[in-house]
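So the structure is just underneath, and the comments pick up after that.
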Amino acid sequence: MEESGVFKAMKMPRRPITFLPAKAGEILTLGPIKCRIMEDGSRTDELPAGVMSLPSRVDNRIGAAEFTVPANTSGPPPHWHEMHDETFLVTKGMIRFHAPDGKHIDAKEGDYVVVPTRAPHTFSNPTAEEAIFFNTFTPAYYINYFKLMAEMAGGGSRPLTKDEFVEAMSRYATIPASEMSP
């Protein structure tokens, strides 16, 4: 295919792609749940044309993490996000996504769930088997919420109380919601 017009004059960028091996990434312990941070937004930064660097610039376009949820484990208190969307791809087992009015979705391996801004939700693993899901956040700054929770829990040595969850949420534009039926 021959390039023409504006595309012919455009110089092809030489930005690196990022590879993260299967077991690499920062591991956080959030009570019984394990979180493997795969992208914190630092590798999605794009500088304007002609700019070589900006001090401490992180674009935060996307964040990604893998969560391992043990059998019979509840997730965070019900909440919604004012400033970011989330997606969930279940890669092992089943995760129950709870919504208002007693509604829920049982997402199994290969199922994909999108939680847009302002959609109240939480999740749990009500089964007798471990479950794993891949989670994305746009923008990525929400990854720091998980880092804060791990720090508040003393590196995961104890589960957080509901009040501690709410305190961490308040720092990341996340609002507590009414309780949702299991």
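Keep in mind that this is a model prediction, so the values were computed, not measured.
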>> If hydrophobic clusters are built from ILVMFWY residues whose side chains come within less than 4.5 Å, do Met149 and Met83 share one?
In response: yes
>> Between the side chains of Arg158 and Glu164, is the shortest nitrogen-to-carboxylate-oxygen separation below 4.0 Å, so that they form an ion pair?
In response: yes
> What's the verdict on side-chain contact (heavy atoms from CB on, under 4.5 Å) for Asn125 and Asn72, showing C-alpha distance, side-chain angles and the deciding distance?
Replying inline: CA-CA 5 Å; Asn125 176 3; Asn72 302 306; over 6 Å; no
>> Is there a side-chain contact between Pro139 and Phe137 in this structure, where contact means two heavy atoms from C-beta onward sitting under 4.5 Å apart?
In response: no
> Which is it for Glu179 and Lys162 under the salt bridge (Lys or Arg N to Asp or Glu O under 4.0 Å) test, yes or no, and what are the steps along the way?
Replying inline: CA-CA 12 Å; Glu179 288 301 317; Lys162 182 177 179 181; 3.0 Å; yes
> When rounded to the nearest 0.5 angstrom, what is the spacing between CD in Glu86 and CZ in Phe133?
Replying inline: 8.0 Å
>> With no hydrogens and no angle check, just 3.5 Å: does a side-chain donor-acceptor pair link Asp85 and Thr117?
In response: yes
> Within a strict 4.5 Å, meaning less than it, do heavy atoms of the Ile132 and Val90 side chains meet?
Replying inline: no
>> Please say yes or no: joined through hydrophobic side-chain contacts below 4.5 Å, possibly via intermediate residues, are Phe146 and Leu89 part of one cluster?
In response: no
>> Angle between ring planes, Tyr172 versus Tyr141, binned at 30° and 60°: parallel, tilted or perpendicular?
In response: parallel
>> Which heavy atom of Pro176 sits nearest to which heavy atom of Val166, and what is that distance?
In response: CG-CG1, 3.8 Å
> What heavy-atom pair brings His79 and Pro76 nearest, and what distance separates the two atoms?
Replying inline: CE1-CG, 3.6 Å
>> Could you measure the distance from the CG atom of Leu30 to the OH atom of Tyr145? Nearest 0.5 Å is fine.
In response: 8.5 Å
> If you measure from OG on Ser170 to CZ on Phe165, what distance do you get to the nearest 0.5 Å?
Replying inline: 13.5 Å
> Counting N and O atoms only, with roles assigned by atom type, does the side chain of Thr29 sit under 3.5 Å from a partner on the main chain of Gly31, one being a donor and the other an acceptor?
Replying inline: no
>> With heavy-atom distances below 4.5 Å as the criterion, would you say the side chains of Pro32 and Pro70 are in contact?
In response: yes
> Quick one: do Glu26 and Arg36 make a salt bridge, cutoff under 4.0 Å?
Replying inline: no
> Is there a path of hydrophobic side-chain contacts, each under 4.5 Å between heavy atoms of I, L, V, M, F, W or Y residues, that connects Phe134 with Tyr112?
Replying inline: yes
> Can you check whether Ile175 reaches Met169 side chain to side chain, under 4.5 Å on heavy atoms?
Replying inline: no
>> Salt bridge or not between Glu66 and Lys34? Use side-chain N to carboxylate O under 4.0 Å.
In response: no
>> Quick check: do His98 and Lys103 have side-chain heavy atoms less than 4.5 Å from each other?
In response: no
> Just wondering, more than 12 heavy atoms not from Glu130 lying within 6.0 Å of its CD?
Replying inline: yes
> Parallel, tilted or perpendicular for Tyr142 and His81, by the 30°/60° rule?
Replying inline: perpendicular
> What are the two closest heavy atoms between Leu20 and Ile37, and how far apart are they?
Replying inline: CD2-O, 4.4 Å
>> Restricting to non-hydrogen atoms, name the atom on Gly41 and the atom on Ala140 that form the minimum distance, rounded to 0.1 Å.
In response: CA-CB, 3.7 Å
>> Is there a continuous path of hydrophobic side-chain contacts, each under 4.5 Å between heavy atoms, that joins Val113 to Val69?
In response: yes
> Can you tell me how far the CD1 atom of Ile143 sits from the CG atom of Leu148, to the nearest 0.5 Å?
Replying inline: 13.0 Å
> CZ of Phe88 to CG of Asp111: how many Å apart, nearest 0.5 Å?
Replying inline: 13.5 Å
> Should the pair Lys147-Glu151 be classified as a salt bridge under the 4.0 Å nitrogen-to-oxygen rule?
Replying inline: no
> Which atoms form the tightest heavy-atom contact between Arg96 and Asp106, and what is the distance?
Replying inline: NE-OD1, 2.6 Å
> Are Arg118 and Trp80 close enough that some pair of their side-chain heavy atoms sits under 4.5 Å apart?
Replying inline: yes
> Between NE2 of His104 and CD1 of Ile95, what distance do you get to the nearest 0.5 Å?
Replying inline: 13.0 Å
> Which atoms form the tightest heavy-atom contact between Ser178 and Pro78, and what is the distance?
Replying inline: O-CB, 3.4 Å
> Passes side-chain hydrogen bond (donor to acceptor under 3.5 Å, both in side chains), Thr161 versus Asp163? Steps please.
Replying inline: CA-CA 5 Å; Thr161 66; Asp163 287 342; 5.3 Å; no
> Between the side chains of Thr87 and Thr136, is a donor N or O closer than 3.5 angstrom to an acceptor N or O?
Replying inline: yes
